[in-house]
Amino acid sequence: MAVPYDFARIEPFWQGYWQREGFAVADTAGSKDLYMLMMFPYPSGDLHVGHGRNYILGDCLFRMFMMQGRRVLNPMGWDAFGLPAENAAIKRNVHPYEWTRANIARMKQQFRAWGILYDWDKELASCEPEYYRWNQWFFLRMLEKGLAYRGRAPVNWCASCHTVLANEQVVSGGCERCGTAVVQKDLEQWFFRITAYADRLLEGLDRLPHWPEKVKVMQRNWIGRSEGAEFTLEVQGRPELGGFRVFTTRPHTAFGMTFTVLAPEHPLVAQITTPGQAAEVSAFVERVRRSTELERLATEGEIGKRGVFTGSYAVNPFTGQAVPIYLADYVLMSYGTGAIMAVPGQDQRDWEFAIAYGLPIIRTVQPPEGWVGEAWTGDGPAINSSWLNGLYMKEAIARATDWLEEQGIGTRKVNYRLRDWLISRQRYWGTPIPVVYCPEHGPLPVSPGDLPVALPTDIEFGGVEGNPLARSASFLTARCPECGREARRETDTMDTFVDSSWYYLRFINPRTADAMFDADRVRRWMPVDLYIGGIEHATLHLLYARFFYKVLNDFGMVPNDEPFEVLFNQGMIVAPSKTTGKLEKMSKSKGNVVAPDELIARFGADTERVYTLFMGPPEKEVEWNDEGVMGAHRFLQRVWAMREAVEARRGVEGEQRADETLLLAMHQTIRRVHEDLGRYKPNTAIAALMELSNVLGELQARASGAALEEAYSALVRLLHPIAPHVTEEVWQALGHAQSLLRSGWPQWDADLLARQEVTVAVQVNGKLRATVSLPRGADGEVCTEAARAAAARWLEGKQVARVVHVPDRLVSFVVRG
RNA sequence: GCCGGAGUGGCGGAACGGUAGACGCCGAGGACUUAAAAUCCUCUGCCCCGCGCGGGCGUAAGGGUUCGAAUCCCUUCUCCGGCACCA
């Protein structure tokens with residue numbers, strides 16, 4: 001009776017061994033081989049099995065690369081600025097730095113307990129001045145180039161987090177962090193001009209064949225490029241106003257413009273409102289202004305209930321007709337020009353508005369025969385459109401736009417959904433924006449020699465709302481770089497996504513003291529070859545990082561313009577909700593987490609690793625199942641127990657047939673595991689290893705000691721990336737002095753596999769009727785005859801009309817009668 | 001509404017257009033045990049014929065292409081994700 005392996009003893013032992021030996025430390029001064037990277041985590045404290053899935057997959061690949069003799073940079077660090085630390089500080093009166101450092105220590109220990117190896121020599125934390133000073137340095141360069149600017153704009157405000165948010169951090173009208181409904185505020189804030197890179201961010205996606213299509217599509221949607229025309233509408237009888245601009249992607253429908261709509265926030269509203277309409281208009285504007293984004297979303301589909309006539313008219317330049325100017329909240333100030341030409345015949349929203357307000361509808365595109373719907377938005381010949389009549393969309397758009405340009409009232413225009421990146425945050429725990437405000441000279445950049453602008457430590461957090469930096473006298477007071485007189489320091493800090501936009505460059509040589517990163521090594525080591533992380537960053541981190549990298553490329557600091565060659569998005573682990581029972585993301589706040597500590601205590605880290613990698617393809621979302629864990633554990637115990645049988649059979653002769661079967665299974669398994677891990681399918685690689693283990697179990701009493709040990713050794717080596725501790729223990733017990741990490745990666749014998757017999761399927765009229773075993777590469781005639789014999793029963797008395805032979809796979813008879 | 005992705009046993013999931021359900025979980029029966037746990041062995045998609053032999057049906061639904069379809073094409077349904085009064 002075999003003794004179960006003592007994971008509680010051996011796992012810590014091997015963890016210590018790997019660390020002492022420094023297996024994961026990469027020398028980046030040398031030439032590059034492979035740079036793999038996991039998205040660095042926010043040090044929130046406890047990790048659950050859902051986080052583990054990410055890191056375990058990475059470690060599995062890393063160990064495989066190591067065994068294959070690759071030299072791999074595989075660093076880890078901490079995205080260490082952010083709100084939870086500050087909220088913890090407010091609640092418990094500990095400094096965010098201490099809270100963060102304690103969590104980092106805890107998480108490092110969890111990584112270690114999972115048997116995960118990182119190059120800790122390269123560790124960095126974004127909350128350290130030697131890191132964030134380079135955020136400040138970069139900000140100053142952006143400022144110099146006009147890529148950072150201060151502007152007044154309606155911004156998203158989260159009242160619960162007491163800060164503004166970037167557009168990317170607003171998820172269906174709520175704060176990405178806490179879900180609180182976001183309200184619009186007009187504030188002066190700092191922005192990065194990411195819109196200047198919109199086209200390049202789009203174009204670059206086409207050069208990323210190894211990114212998931214899903215992420216590329218999400219980024220394209222987010223950037224939201226649309227081509228069209230912009231032109232001026234005059235306000236009838238008010239030439240001194242100069243009119244207002246409208247944007248449209250469908251200028252060819254303009255003959256059907258029967259009214260026009262401004263966003264309620266449009267600057268012209270006050271001037272064009274007639275006295276008779278003033279009361280109604282101001283009531284409407286006030287109502288819209290007070291509504292949150294969420295309320296606006298909730299009224300979706302209620303177009304027509306939320307509009308008002310201004311009393312003024314504009315002139316449709318195509319027809320010369322006067323059309324009424326309305327305000328409506330379905331027109332957004334933040335997109336295009338904040339004003340539209342309304343063509344109810346060709347736009348469903350305009351149609352509904354026209355019906356509700358009794359406005360005329362003129363169709364300008366012929367709907368297809370039998371069309372019974374309302375607005376027709378598809379293609380068709382132009383009608384009721386004078387000189388455009390009969391033209392189809394493409395041609396009509398071109399003509400209409402040319403005409404606008406000839407008349408000098410319009411131009412071709414490209415619009416984007418993407419907004420500039422708002423980076424100001426009214427919080428303490430982030431990178432101070434390096435700017436001072438002089439009463440004389442206005443906002444001025446801190447001179448580079450005065451960096452870093454360090455976060456003050458003399459801060460009281462306890463219970464007070466608002467940005468604590470604004471209450472720190474020592475921080476607030478500065479000298480004007482221009483005149484030296486007393487000035488006020490900027491108290492906003494940077495969005496933490498600034499930190500994560502370039503950390504992968506710093507990792508390459510994180511102790512670089514005199515520059516943002518080691519430009520020489522970066523030139524050799526970038527781009528990152530394999531980047532692993534969650535899909536939730538598709539339009540956040542991954543968009544910002546690409547933007548930064550392109551800017552750095554323009555600054556001549558990096559060698560290419562896309563930072564991540566291969567992107568792998570692992571799926572979430574979900575678990576039933578404690579309240580509703582519906583599957584949802586595993587998270588501490590939802591209370592449905594499985595803690596790795598307990599799991600490791602009961603079954604060991606190797607078991608968690610095997611189960612995590614086995615439960616499904618890693619890019620898919622999967623449900624955690626406690627019973628599945630047992631299967632993984634049993635498998636490891638069987639592999640462990642087999643060691644005794646192998647040792648006991650050393651030197652024993654066996655049946656030749658058994659040896660052949662065993663070695664064939666071994667070589668097949670080597671190939672399958674190699675290929676499956678290479679295409680990120682550890683689940684099927686593990687299935688292959690289980691099959692080999694089953695074959696070993698069946699043949700252990702009949703195969704020779706030598707064949708048994710050869711196959712078992714291959715199994716143990718192939719299993720190492722997946723279950724590193726128990727395999728090291730077995731390997732050592734078998735008498736090997738070297739770690740498995742240094743013992744090479746098994747190779748399969750292609751010739752042997754090519755010589756094996758194959759099972760050929762025999763079909764009659766597409767139905768499987770028999771199988772025959774034949775040598776690989778058997779002649780077509782031989783094959784067909786064997787098949788004919790095997791399927792004789794079904795061919796009797798039938799006329800064979802056709803025979804399809806697929807070498808080594810099947811023979812298919814097509815029969816009549 | 002638009003754009004992606006996915007629907008395969010009781011469950012997680014395998015399957016270059018070529019033997020559907022690998023591997024694992026659950027379940028059933030058996031061995032070991034005083035007993036239980038653990039472990040090991042056998043069975044385990046559905047249906048029909050008493051079992052076996054054998055046969056039929058089966059990859060969301062319906063149709064098509066093909067000697068052959070889970071896989072390709074069309075139509076429909078459902079679920080998941082993203083974007084969304086974007087002009």
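Every chain is numbered from 1, with letters handed out A, B, ... down the list of sequences. On a predicted model such as this, the values are computed, not experimentally measured, just so you know.
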Enquirer: Could you work out which one of B:rC85, B:rG56, B:rU19 sits closest to the side chain of A:Thr771?
Expert: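 When the side chain of A:Thr771 is considered, B:rU19 is the closest of B:rC85, B:rG56, B:rU19.
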Enquirer: Side chain of A:Ala687: nearest nucleotide among B:rU19, B:rA22, B:rC86?
Expert: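 The listed nucleotide nearest to A:Ala687's side chain is B:rA22.
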Enquirer: Rounding to an integer number of angstrom, what distance separates B:rC51 and B:rA61 when you compare their C1' atoms?
Expert: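 Comparing C1' positions in B:rC51 and B:rA61 gives a spacing of 37 Å.
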Enquirer: Would you say A:Thr411 and A:Glu230 are linked by a side-chain donor-acceptor pair, where the criterion is simply a distance under 3.5 Å?
Expert: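 Note: A:Glu230 and A:Thr411 side chains miss the donor-acceptor criterion.
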Enquirer: Taking the side chain of A:Trp222 as heavy atoms from C-beta outward, which of B:rG55, B:rC83, B:rC23 is closest to it?
Expert: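 That would be B:rC83.
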Enquirer: So if I take every side-chain heavy atom of A:Phe614 and compare against B:rA87, B:rG24, B:rG82, which nucleotide ends up nearest?
Expert: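 In terms of side-chain proximity for A:Phe614, the closest of B:rA87, B:rG24, B:rG82 is B:rG24.
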Enquirer: Whether A:Lys620 contacts B:rA14 is assessed here as follows: a side-chain N or O lying under 4.0 Å from the phosphate OP1 or OP2. Is that the case?
Expert: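 Result: no.
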Enquirer: Would you mind checking if A:Arg788 and A:Glu785 are paired as a salt bridge, meaning a charged N to carboxylate O distance below 4.0 Å?
Expert: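 The answer is yes: the pair qualifies as a salt bridge.
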Enquirer: So, under a plain 3.5 Å distance rule, would you say the side chain of A:Gln763 forms a donor-acceptor pair with the base of B:rG18?
Expert: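 For A:Gln763, whose side chain was compared with the base of B:rG18, there is a donor-acceptor pair (under 3.5 Å).
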Enquirer: For the residue pair A:Gln570 / A:Glu619, report whether a side-chain donor-acceptor contact shorter than 3.5 Å exists.
Expert: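 No pair is found: no donor N or O on one side chain lies under 3.5 Å from an acceptor on the other.
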Enquirer: Look at A:Arg634 and B:rC40 and indicate whether a side-chain polar atom (N or O) is within less than 4.0 Å of OP1 or OP2.
Expert: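 Answer no for this pair, as no side-chain N or O of A:Arg634 is under 4.0 Å from OP1 or OP2.
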Enquirer: So for atom CZ, which belongs to A:Arg776, do other residues, nucleotides or ligands contribute more than 12 heavy atoms lying within a distance under 6.0 Å?
Expert: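 Above 12, so yes.
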Enquirer: Quick check on B:rC40: is either OP1 or OP2 less than 4.0 Å from any side-chain nitrogen or oxygen of A:Arg638?
Expert: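 Affirmative; the distance criterion is met.
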Enquirer: Just to confirm, is there a sub-4.0 Å distance from OP1 or OP2 of B:rG24 to any side-chain nitrogen or oxygen of A:Asn694?
Expert: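 Indeed, a polar side-chain atom of A:Asn694 lies that close.
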Enquirer: Which sits closer to the 5' end of RNA chain B, A:Phe247 or A:Met218, going by the nucleotide each is nearest to?
Expert: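 The residue whose closest nucleotide sits nearer the 5' end is A:Met218.
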Enquirer: For the pair A:Asp350 and A:Tyr330, evaluate side-chain hydrogen bond (donor to acceptor under 3.5 Å, both in side chains) and give the outcome as yes or no after the intermediate values.
Expert: CA-CA 10 Å; A:Asp350 297 347; A:Tyr330 79 91; 2.7 Å; yes
Enquirer: Nearest to the side chain of A:Ser812, heavy atoms from C-beta on, is which of B:rG4, B:rC67, B:rU19?
Expert: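 When the side chain of A:Ser812 is considered, B:rC67 is the closest of B:rG4, B:rC67, B:rU19.
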Enquirer: Applying a 4.0 Å non-hydrogen cut-off, can you work out what A:Val806 is touching in the nucleic acid: base, sugar-phosphate, or nothing?
Expert: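 The answer is base, as A:Val806 lies within the cut-off (heavy atoms under 4.0 Å) of a base atom.
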Enquirer: Roughly how far apart, to the nearest Å, are B:rC73 and B:rC25 at atom C1'?
Expert: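 After rounding to an integer number of Å, I get 37 Å for this pair.
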Enquirer: With a 4.0 Å cut-off on heavy atoms, is A:Arg769 in touch with a base, just the backbone sugar-phosphate, or nothing at all?
Expert: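 The residue A:Arg769 makes sugar-phosphate contact but no base contact.
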Enquirer: Nearest-Å distance, CG (A:Asp329) to P (B:rC85)?
Expert: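 About 11 Å, once rounded to whole Å.
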Enquirer: Now, which nucleotide makes the Watson-Crick or G-U wobble pair with B:rG45, with each of the two distances under 3.5 Å?
Expert: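 Partner of B:rG45: B:rC57.
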Enquirer: When you get a sec, tell me which of B:rA87, B:rG18, B:rA84 is the closest nucleotide to the side chain of A:Val804?
Expert: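 For the A:Val804 side chain, the nearest candidate turns out to be B:rG18.
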Enquirer: Give me syn or anti for B:rG10, where syn covers glycosidic angles within 90 degrees of 0.
Expert: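 Base orientation: anti.
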Enquirer: Say we look at B:rA20 and B:rG27: how far apart would their C1' atoms be, to the nearest angstrom?
Expert: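 These two C1' atoms come out 22 Å apart once rounded.
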Enquirer: Taking B:rG29 as the reference, what is the distance to B:rU44 when you measure between their P atoms (whole Å, please)?
Expert: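 Result for the P pair: 16 Å, nearest Å.
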Enquirer: Is the shortest side-chain N/O distance from A:Asn683 to OP1 or OP2 of B:rA14 below 4.0 Å?
Expert: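 For A:Asn683, the contact criterion (side-chain N or O under 4.0 Å from OP1 or OP2 of B:rA14) is met.
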Enquirer: Starting at the 5' end of RNA chain B and moving along, which residue's nearest nucleotide shows up first, A:Ala761 or A:Gly338?
Expert: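 Result of the comparison: A:Ala761.
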Enquirer: Check A:Arg220 with A:Glu213, please: is the shortest side-chain N to carboxylate O separation under 4.0 Å?
Expert: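 Looking at A:Arg220 together with A:Glu213, the answer is yes, because their closest N to O distance falls below 4.0 Å.
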Enquirer: Could you please name the option among B:rC57, B:rC67, B:rU19 that lies closest to any side-chain atom of A:Arg802?
Expert: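 Of the candidates, B:rC67 comes closest.
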Enquirer: Find the distance A:Arg225:CZ to B:rC83:C1' and express it as a whole number of Å.
Expert: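 To the nearest whole Å, that distance equals 18 Å.
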Enquirer: Quantified in whole Å, what is the C1' atom distance between nucleotide B:rG45 and nucleotide B:rG21?
Expert: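 Approximately 8 Å lies between the C1' atom of B:rG45 and that of B:rG21.
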Enquirer: What distance, rounded to whole Å, do you find between the two C1' atoms, one in B:rA15 and one in B:rU78?
Expert: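 Per the computed distance, 24 Å lies between those C1' atoms.
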Enquirer: Would you measure the distance from the P atom in B:rG4 across to the matching atom in B:rG9 and give it in whole Å?
Expert: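 Each nucleotide's P atom is 27 Å from the other's.
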Enquirer: Tell me which nucleotide, if any, is Watson-Crick or G-U wobble paired with B:rC83 when both distances must be under 3.5 Å.
Expert: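 B:rC83 is paired with B:rG1.
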Enquirer: Where the side chain of A:Ser226 is defined as all heavy atoms beyond and including C-beta, which of B:rA87, B:rC57, B:rU19 is the nearest nucleotide?
Expert: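 Side chain of A:Ser226 sits closest to B:rA87.
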Enquirer: Just wondering, do A:Thr771 and A:Val760 contact through their side chains at under 4.5 Å, heavy atoms?
Expert: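 Answer no - side chains too far apart.
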Enquirer: In terms of side-chain heavy atoms of A:Asn625, which of B:rG56, B:rC25, B:rG24 is nearest?
Expert: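 The closest nucleotide is B:rC25.
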Enquirer: On a whole-Å scale, what distance lies between the C1' atoms belonging to B:rC23 and B:rC77?
Expert: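 Going atom to atom, C1' in each nucleotide, I get 32 Å.
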Enquirer: Taking atom P of B:rU19 as reference, at what distance in whole Å does atom CG of A:Leu810 sit?
Expert: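 In whole Å, B:rU19 P and A:Leu810 CG are 7 Å from each other.
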Enquirer: If you only use heavy atoms from C-beta on, which nucleotide in B:rC25, B:rG56, B:rC83 is closest to the side chain of A:Glu627?
Expert: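 Side chain of A:Glu627 sits closest to B:rC25.
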